[in-house]
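Heads up, the thing below is written out as structure tokens.
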Amino acid sequence: MSAVTRRTRTGPWDRFVASDPGLLRLMAGLRTVGSIALTLVVLALIGTDVTHMVAGAMTAMVSTFAIKEKEVRGQAVTLALSLPVAITAISLGALLHDQVVAGDVFFIALIFGAVYSRRFGDRGTTLGLIGFQVYFVSLFVGATTSALPSLYLSLAVAFACSAVVRFAVVPETPGRDLGRLRVAFRARLAQLVATQTELLDATPEQLEKVLGELRRGTARLHETALMIQGRLEEGTPDAATAALVQRRVADAEIAAERLGVLLLNARSAERADTLTLHLPHAPVPATGTRIRAEDDATVTLRRDLGALHLLVGRPVADDRGTALAHVRNRLLGYRDEDNLPRASMAVQDVFRGIGEAARAVLGLRIALDGPQDESDDSPATTRSREEFDAEDIAIAGAEEAAETDEDDRTGLRRPTTRAAFQVAVGSTLAIIGGEFLSTQRWYWAVLTCWVVFLNTASTGEILVKGYRRLLGTVLGVVAGVALAGLVGNHTWVAFALVLVFIFAMFFTAPLSYALMSFFVTAMLGLLYTLLNTYSLSVLWLRIEETALGAACGIIAAVLVLPVHTDRRTDELLNTVLTRLADVVSASVEQLSGGPAADLLDKARDLDTALDDLRASIQPLTHPITPLRGRRRTARYLVALLETCAYHARSLAATAELVPYSKNIAADPRLERAGLRIAHNIEVIAGYVEDDKATGEVESGASIASMLDAEGSGAPRSGTVTYRVLRHLQRLDEGVVGLARPLDVPVEGRGRSASRAPRV
């Protein structure tokens, strides 16, 4: 079957769903555009002038996107509290319209308060953001005291329309979001299986391209799993259901990633390294002879990968007849050694991987869609269902232990306090510089300074964000010039295009900050046209003010309580290593016969910490960075950590089966194998925290040989013990591999003569 045919089977809608997990970007765009459109219609019907329609539209946009709370009740309370905050902000903006010094001082105080309020959670963040943005609206439309009654009406209409769209037209509830994320997870899982099938048939010339798609598909599936994890608590009726869905999603993710590794290994001339799936631009493994296109085993493998794709993508409502049950039974049968086709050990491992993936898909269907028809079950399928029942009982009876990571930093060390001072200083510089550029449009510099500090935590992140905003602004000005000439005096055409750009802005925001800035600037060109203040000089001034605001933000970040990128990444790296040690130690302890622990939560904490690290190193991996050596080091290090995290997740998933599985027994010998890994992680974390730390990373005999030395013999391929040892071995290799880029001494090797580039 050709790659084109396989992609067609996935379907355009499935591909779109997979590209926008949970349709969150689509819903955010529709919700914002709907609020603005409804506001414009209502204001037009009551005869509001264009200036106040623009103010209402901008307020509707802010009141929609600023609210981030998940619970509907919390959203309603925050929206109700936001209206008096908005009225106060626009009133002060109008009262201080002619008071230059007093207005500037108040604006700086408002900016400080808006950033500082983030420490009070989602509601504090929302109220601070709305206060700042509505004050900015008053500056944009030139609010005066005589216009306040009309502006109050515009704001009230905007908030009312925002509430109608949010709670009635395009509702945002955790349950709905979680349901759409489940659909997205299945779609991305189906895409990944389709790509894995392409990997089986790819020619040596196609292998690099397919391998790149496999890396992206694996990363996207992991991203969706994390998004589901973030919404489970609010989107499920009870903790037991949340734990069950979490378990099934983790099983499916791990099984799919493992299948990709096994396929890559079967395609390679020698055993492929798991790192290949996580390191961008890693060398393509040499093609081996273990898979031949016309072998009976290869034909069967191709057929069963297609069957797995069908099993993943078929909705439960379409499960009619016995055909799908027959396919499911056949795939689950590969979990038994007697049902494996005659082939090399590497190819047989792939069939085992298909069996485990089919089991994970069955568990996912039961968890998400309820009980299934069992009339056509084979013994292998019945056994899988019994395993799920035992796991469900254990999950339902487990005691819940909630852990809260409190930020013990106080005073100027608290991130919100530091950011508030930085933004206040940067905004002061932006106001002073902006006044020199324009006494009427100076606020654009302040807005840019404010924006570059949002969702950033280090000087490098602010530098990259400022660069992206400036790039998007320059391109947006070019588009704004062209559009303003085309629109002319057609008011409603301009409003329609504004809505299109706002939708595009929200839809592309998580993907590209430069693209979002492009749509914002193009939209502003149209708004200036509506306000009859458009000119080429105004848009050129927009570029100058944006560059000034970005520069002021960077200066403030460097000079005021700076958080250097290397310090930030070292802190996050230490967190990742700590989380990795927690997962590995707890998993090995449970696999050795220790007490049960909530391993999947620990694994998700590791994933979250790794995502934070990945975001923090973007300044080091950005194409414009001049530090090429550090960029390579950062990419390699994160790829190693992702590989370690994959094996840690797999260990955690296996260990959680031990207390109630009939097929997986604890092995006390594994405790010794875990000690070396835990020691090595501790040594590396010590050197990351303090360059003068002591200790060496231990290396030597393989994990399997350590157990074999006790006289019990090596485990047989395909057994659970064999799989556990393989994950431990890869973990051991990965952790030792971390020592080199971090310049941590390894037993028998010491440290390098010259300091390696730090991340």
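Remark: the backbone N or O of T64 is paired with a side-chain donor or acceptor of R166 at under 3.5 angstrom. Counting only distance, with no hydrogens or angles, the side chain of S117 and the backbone of G124 share a donor-acceptor pair below 3.5 Å. Side-chain N or O atoms of S138 include one that pairs as donor or acceptor with a backbone N or O of Y135 at under 3.5 Å. No donor-acceptor pair closer than 3.5 Å links the side chain of S162 to the backbone N or O of A158. Formation of a donor-acceptor pair under 3.5 Å by the R25 side chain with backbone atoms of F507 is found in this model. Between the side chain of T448 and the main chain of W444, a donor-acceptor pair closer than 3.5 Å is present. A donor-acceptor contact shorter than 3.5 Å is absent between the side chain of T439 and the backbone of E435.
Contact record, S63 with I130: CA-CD1, 4.3 Å, taken as the closest heavy-atom pair. Listed here is the closest heavy atom pair of R542 and R469: NH2-NH2, 3.7 Å. Closest heavy-atom contact between S35 and C161: O-CB, 4.0 Å. Of all non-hydrogen atoms in L470 and I543, the two that sit nearest each other are CD1-O, 4.1 Å. Between F140 and Y443, the shortest heavy-atom contact is CA-OH, 3.7 Å. The minimum heavy-atom distance linking G433 with L548 is given by the pair C-CD2, 3.3 Å.
In this structure, L153 and I46 have side chains that are in contact, with non-hydrogen atoms separated by less than 4.5 Å. Counting heavy atoms from C-beta outward, E642 and R614 have side chains that approach closer than 4.5 Å. Here the side chains of L127 and F120 are not in contact, with every heavy-atom distance at 4.5 Å or above. When side chains are defined from C-beta on, V165 counts as touching L38, because their heavy atoms get closer than 4.5 Å. Between V85 and L81 there is no side-chain heavy-atom pair separated by less than 4.5 Å. Residues L447 and E545 have side chains not in contact (no heavy-atom distance under 4.5 Å, counting atoms from C-beta outward). At a threshold of 4.5 Å between non-hydrogen side-chain atoms, the residues Y152 and I90 count as touching.
Rounded to the nearest 0.5 Å, atoms CG (L40) and CE (M53) are 5.0 Å apart. Between the CG atom of L110 and the CZ atom of F107 there is a distance of 6.5 Å, given to the nearest 0.5 Å. The OG1 atom of T546 sits 11.5 Å away from the CG atom of L471 when rounded to the nearest 0.5 Å. Remark: L226 CG to D607 CG distance equals 5.0 Å, nearest 0.5 Å. Remark: L92 CG to F106 CZ distance equals 4.0 Å, nearest 0.5 Å. Remark: W442 CH2 to I432 CD1 distance equals 11.5 Å, nearest 0.5 Å.
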TODO: Run the numbers on M27 and L30 for side-chain contact (heavy atoms from CB on, under 4.5 Å), then give the verdict.
DONE: CA-CA 5 Å; M27 292 296 108; L30 291 177; 3.9 Å; yes

Task: Residues T59, S154; criterion side-chain contact (heavy atoms from CB on, under 4.5 Å); working and verdict - done: CA-CA 8 Å; T59 303; S154 296; over 6 Å; no

Open item on the list: Before you tell me yes or no, could you show the steps for F112 and V423 under side-chain contact (heavy atoms from CB on, under 4.5 Å), namely the whole-Å CA-CA distance, both residues' side-chain angles and the distance that decides it to 0.1 Å?
Closed with: CA-CA 7 Å; F112 180 90; V423 177; over 6 Å; no

Task: side-chain contact (heavy atoms from CB on, under 4.5 Å) between F159 and S82, worked out - done: CA-CA 9 Å; F159 273 89; S82 298; 3.5 Å; yes

Identify each donor-acceptor pair in which a side-chain atom of residues 494-505 lies under 3.5 Å from a protein atom, sequence neighbours left out, and give them as a table.
none

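No side-chain donor-acceptor contact under 3.5 Å links T78 and T126. Residues S616 and R568 have side chains that never bring a donor and an acceptor to within less than 3.5 angstrom of each other.
Pairs passing the ring pair (Phe, Tyr, Trp, His ring centres under 6.0 Å) check and including a residue from residues 36-84, sequence neighbours excluded, read F65-F506.
Using a 30° and 60° split on the angle between ring planes, F132 and W450 fall in the parallel class, below 30°.
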